[in-house]
Amino acid sequence: RRWTELQDVFASDCAYDRPGYPPIVGIEALCRFYRDVRDIDIGRHDVETVMVVRRRACATGRFSGFRRCGAPIDLRFADVYALSGQKISTRTTYFYAPLI
């Protein structure tokens with residue numbers, strides 16, 4: 001919940017595509033998303049794999065925690081990143097979840 005530290009990891013003009021939400025553009029919008037919009041209240045990422053090739057990276061793993069309504073959540077994820085210098089310029093998240 002150290003939202004202001006996101007600017008140390010993400011570029012100021014970052015873009016984030018996440019299922020179920022419109023694209024999030026800019027560090028201020030990203031901080032607002034995590035602080036006020038995201039359905040997840042609290043949880044933890046267990047990263048299983050990280051791959052980096054030139055200016056691209058990918059991470060896979062499992063997230064477990066709780067939604068804002070108190071319901072538990074446990075799912076696998078994959079994130080794909082584009083890097084600009086030492087910061088993330090784009091992020092796309094994919095969830096391994098049953099089809100609805």
Side-chain angles (χ1 to χ4, degrees):
R1 296 186 180 207
R2 300 182 314 227
W3 313 129
T4 58
E5 293 180 22
L6 288 172
Q7 66 190 356
D8 297 336
V9 179
F10 286 87
S12 61
D13 60 347
C14 64
Y16 181 23
D17 287 321
R18 181 185 179 98
Y21 297 94
I24 301 157
V25 179
I27 191 66
E28 292 83 14
L30 184 65
C31 289
R32 188 176 328 103
F33 169 76
Y34 279 114
R35 187 181 57 244
D36 302 326
V37 177
R38 184 174 73 155
D39 187 41
I40 296 169
D41 182 39
I42 192 166
R44 112 183 220 133
H45 290 84
D46 291 310
V47 177
E48 297 167 357
T49 305
V50 175
M51 294 178 279
V52 180
V53 178
R54 296 183 189 92
R55 312 302 293 155
R56 301 279 182 190
C58 176
T60 65
R62 178 172 295 280
F63 177 85
S64 58
F66 294 91
R67 298 172 73 171
R68 290 180 189 254
C69 68
I73 187 169
D74 182 26
L75 56 82
R76 295 178 52 87
F77 70 88
D79 280 331
V80 179
Y81 308 94
L83 307 174
S84 177
Q86 297 294 313
K87 295 189 178 187
I88 297 168
S89 59
T90 66
R91 176 184 178 188
T92 303
T93 295
Y94 301 93
F95 296 117
Y96 185 81
L99 290 175
I100 296 173

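Applying the side chain to side chain contact (heavy atoms under 4.5 Å, CB included) test to Arg76 and every residue at least two apart in sequence or in another chain returns Glu48, Arg62, Tyr96.
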(message) Before you tell me yes or no, could you show the steps for Leu83 and Ile88 under side chain to side chain contact (heavy atoms under 4.5 Å, CB included), namely the whole-Å CA-CA distance, both residues' side-chain angles and the distance that decides it to 0.1 Å?
(response) CA-CA 5 Å; Leu83 307 174; Ile88 297 168; 4.1 Å; yes
(message) Run Asp36 and Trp3 through side chain to side chain contact (heavy atoms under 4.5 Å, CB included) and show every step you take.
(response) CA-CA 11 Å; Asp36 302 326; Trp3 313 129; over 6 Å; no
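Between Ser84 and Ser89 the shortest heavy-atom distance is CB-CB, 3.9 Å. Arg56 and Thr90 get closest at one heavy-atom pair: NH1-OG1, 4.4 Å. The minimum heavy-atom distance linking Gln7 with Lys87 is given by the pair O-NZ, 2.9 Å. Here the closest heavy-atom approach between residue Arg67 and residue Ile73 is recorded as CG-CB, 4.3 Å. Shortest non-hydrogen contact noted between Pro72 and Phe66 is CA-CD2, 3.8 Å. Minimum interatomic distance between Phe33 and Arg18 (heavy atoms only, all atoms of both residues): CZ-CD, 3.4 Å.
Counting heavy atoms from C-beta outward, Thr92 and Asp79 have side chains that stay 4.5 Å or more apart. Within the 4.5 Å cutoff, side-chain heavy atoms of Leu30 are placed close to those of Ile27. Using a 4.5 Å cut-off on side-chain heavy atoms (C-beta onward), Tyr16 and Thr93 make contact.
More than 12 heavy atoms of other residues, nucleotides or ligands lie within 6.0 Å of CZ in Arg68, so this atom counts as buried by the packing criterion. Summarising the local packing, CZ of Arg55 is surrounded by more than 12 heavy atoms from other residues, nucleotides or ligands at distances under 6.0 Å.
Residues Val37 and Tyr34 share a single hydrophobic cluster, defined by chaining ILVMFWY side chains whose heavy atoms lie under 4.5 Å apart. No continuous path of ILVMFWY side-chain contacts below 4.5 Å connects Val80 to Val52, so the two sit in separate hydrophobic clusters. No continuous path of hydrophobic side-chain contacts links Val25 to Val9 [ILVMFWY only; heavy atoms under 4.5 Å].
Between His45 and Phe77, the ring planes lie perpendicular to each other; the angle is over 60°, past the 30° to 60° tilted range.
Separation of atoms CG (Leu6) and OG1 (Thr4) is listed at 8.0 Å; rounding is to 0.5 Å.
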